[in-house]
Amino acid sequence: MKYLICSDIHGSLTAFEKIVDYFNSYNCDKLLLLGDLLYHGPRNPLPQGHNPKELAVKLNSLASKIIACRGNCDAEVDQMVLNFPLMSDYFQIIDEGVTIFASHGHIYAPLLNNGKLPKACESASKKILVNKPALILYGHSHIQLLEKNAEDILICNPGSISLPKEDSPAGFAIYENSLVTLYDMNGQKIKTQSVN
């Protein structure tokens, strides 16, 4: 399977339309959405092309290809207009022996400075990350990241497609055959790393 991974759309129809173009041009099978889909949030400016109503229509047109989790800006009203599940705090995929754990990052997220998972994720990881190799996906910070932690788990944050922060490019990631590649929104490769 080939997955396009993105996070923190924050209602930008313009940015998501680019993602759909990449999803199709890279022949991806599934679209992994790491939360904060429709609402821009009280701490963020309105992103370019902010149109949550039309974004919901566009997302629904891809509902059979989407696997998503809830972000801190996602609410029950968002789920009411979307035709795919959004309210789970995380999801897990096993892809050809690789355990993929995905969350928005406001509840479950890796702490890279000491190579440990936070307590909430650590307790879940005993059940979730039972197999290695493993990949943890998260968003929330709007900053791209791709590196292994001290437990040899690959950590990926695709960044935000609409509201990047701290000089990180707006971007997304693609996962296929144990490889994760970060891209910017111009389609330029930023970094590639293997789960193995």
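Computed from heavy atoms alone, side chains included, the values below leave out hydrogens, waters and symmetry copies.
- Listed by chain and number, the residues in a salt bridge (Lys or Arg N to Asp or Glu O under 4.0 Å) with Lys2 are Glu176 (sequence neighbours excluded).
- Distance check: Thr99 OG1 to Leu135 CG gives 9.5 Å after rounding to the nearest 0.5 Å.
- Checking each of His50, His142, His40 against His10 for a ring-ring contact (aromatic ring centres under 6.0 Å, His included) leaves exactly one that passes, namely His142.
- Every side chain to side chain contact (heavy atoms under 4.5 Å, CB included) that Thr192 has, sequence neighbours left out, goes to Leu179, Thr181.
- Within the structure, salt bridge (charged side-chain N to carboxylate O under 4.0 Å, His left out) pairs that include any residue of residues 180-196 do not occur (at least two apart or interchain).
- Pairs of residues two or more places apart, or lying in two chains, never qualify as salt bridge (charged side-chain N to carboxylate O under 4.0 Å, His left out) while including a residue from residues 162-172.
- To the nearest 0.5 Å, the span separating CD1 on Ile174 from SG on Cys28 amounts to 4.0 Å.
- The aromatic rings of Tyr3 and Tyr175 lie tilted to each other, with the angle between the two planes from 30° to 60°.
- Under the 4.5 Å side-chain criterion, counting only non-hydrogen atoms from C-beta, Ile143 is not in contact with Asn157.
- Side-chain contact between Ile100 and Ile94 is absent, with no heavy atoms from C-beta onward closer than 4.5 Å.
- With sequence neighbours left out, the side chain to side chain donor-acceptor pair (under 3.5 Å) criterion links His140 to Asn72, His104.
- By the side chain to side chain contact (heavy atoms under 4.5 Å, CB included) test, Ala173 pairs with Ile5, Cys156, Pro158, Val180, Leu182, sequence neighbours left out.
- Side-chain contact between Leu154 and Gln193: present, with at least one pair of heavy atoms (C-beta onward) separated by less than 4.5 Å.
- Here Ser168 pairs with nothing under the side chain to side chain donor-acceptor pair (under 3.5 Å) rule; sequence neighbours left out.
- For Asp89, the salt bridge (Lys or Arg N to Asp or Glu O under 4.0 Å) criterion is met by Arg70, not counting sequence neighbours.
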Show me the side-chain donor-acceptor pairs of residues 16-24 shorter than 3.5 Å, one per line, residues at least two apart or across chains.
{"residue": "Tyr22", "atom": "OH", "partner": "Met185", "partner atom": "O", "Å": "2.8"}
{"residue": "Tyr22", "atom": "OH", "partner": "Asn186", "partner atom": "O", "Å": "3.4"}
{"residue": "Tyr22", "atom": "OH", "partner": "Gly187", "partner atom": "N", "Å": "2.9"}
{"residue": "Asn24", "atom": "ND2", "partner": "Val20", "partner atom": "O", "Å": "3.2"}

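- Residues Leu34 and Phe91 have side chains in contact (heavy-atom distance under 4.5 Å, counting atoms from C-beta outward).
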Acceptor/donor pairs from residues 78-87 side chains to any protein atom, 3.5 angstrom cut, sequence neighbours excluded:
{"residue": "Asp78", "atom": "OD2", "partner": "Ala75", "partner atom": "N", "Å": "2.8"}
{"residue": "Gln79", "atom": "OE1", "partner": "Leu86", "partner atom": "N", "Å": "2.6"}
{"residue": "Gln79", "atom": "NE2", "partner": "Leu82", "partner atom": "O", "Å": "3.4"}
{"residue": "Gln79", "atom": "NE2", "partner": "Phe84", "partner atom": "O", "Å": "2.9"}

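- Residues forming a side chain to side chain contact (heavy atoms under 4.5 Å, CB included) with Pro164 (at least two apart in sequence, or on another chain): Ala170.
- Under the salt bridge (charged side-chain N to carboxylate O under 4.0 Å, His left out) criterion, no residue pair touches residues 48-61, with sequence neighbours excluded.
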